[in-house]
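First the structure, in the form of structure tokens, and then the observations on it.
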Amino acid sequence: MGPQASEHVRRWRNQSIHREVDKRHARWVWTVALGLAVAGIPFIVYLLQTMSYVQASYAIENIRASEARLDERERRLRIDKASLESLPSVESRAVRDLGLEHPSPSRVVVVAPGELPAARPR
């Protein structure tokens, strides 16, 4: 047997390890990062264009829906206007609001177009 090795006592210190920057490795990392960024630019442009298209299509759909609502409202208002302008409705309002009366048949005078006086020039 050989001589026994004496137990070597290590005393550890809590010190940070300072390593030199490996310029070749750092350059490689930066090159890869730059390559990924350049490769990702077309994808980002595609996403922006797609989002712009989707926003425009939503705006078009909103405008079409608004136009449909306005068309329906216009149709309803035309129906209301026609009902208000109808002769029975006008006559009933004249009797109710203005107090007008239907003339008796003896007071109705029918005039032919030839019997009308000529229009006076101004």
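- Listed for the Ser89 side chain is no donor-acceptor partner under 3.5 Å among the backbone atoms of Ser86.
- Residue Thr50 holds its OG1 atom at 8.5 Å from CZ of Phe43, rounded to the nearest 0.5 Å.
- Other residues, nucleotides and ligands contribute only 12 or fewer heavy atoms inside 6.0 Å of the CG atom of Leu87.
- Apart from Val111 itself, the hydrophobic cluster it occupies contains Val109, Leu116, where clustering links Ile, Leu, Val, Met, Phe, Trp and Tyr at side-chain heavy-atom distances under 4.5 Å.
- With a 4.5 Å cut-off between side-chain heavy atoms of Ile, Leu, Val, Met, Phe, Trp and Tyr, the cluster of Val90 takes in none.
- Sorted by first and then second residue, the pairs that involve residues 78-91 and meet salt bridge (charged side-chain N to carboxylate O under 4.0 Å, His left out), not counting sequence neighbours, are Glu74-Arg78.
- Arg107 meets the salt bridge (charged side-chain N to carboxylate O under 4.0 Å, His left out) test with no other residue; sequence neighbours excluded.
- You'll find the side chain of Ile79 stays beyond 4.5 Å of the side chain of Ser83, heavy atoms only.
- When hydrophobic residues (I, L, V, M, F, W, Y) are linked wherever their side-chain heavy atoms come within less than 4.5 Å, the members clustered with Ile41 are Val45.
- The salt bridge (charged side-chain N to carboxylate O under 4.0 Å, His left out) analysis of residues 27-46, with sequence neighbours excluded, yields no pairs.
- Remark: Ser52 pairs with no residue by the side chain to side chain contact (heavy atoms under 4.5 Å, CB included) rule, at least two apart or across chains.
- Here Val29 is tied into one hydrophobic group with Trp28, Val32, Leu36, each link being a pair of ILVMFWY side chains closer than 4.5 Å.
- Applying the side-chain hydrogen bond (donor to acceptor under 3.5 Å, both in side chains) rule to pairs touching residues 94-104 yields Ser104-Ser106, sequence neighbours excluded.
- Listed by chain and residue number, Arg75, Arg76 satisfy the salt bridge (charged side-chain N to carboxylate O under 4.0 Å, His left out) test with Glu72 (two or more places apart in sequence, or in another chain).
- In this structure, the salt bridge (charged side-chain N to carboxylate O under 4.0 Å, His left out) partners of Glu61, at least two apart in sequence or on a different chain, are Arg64.
- Here CD1 of Ile63 is found 11.5 Å from CG of Leu70. Values are rounded to the nearest 0.5 Å.
- A salt bridge (charged side-chain N to carboxylate O under 4.0 Å, His left out) check over residues 40-55, counting only residues at least two apart or in different chains, returns nothing.
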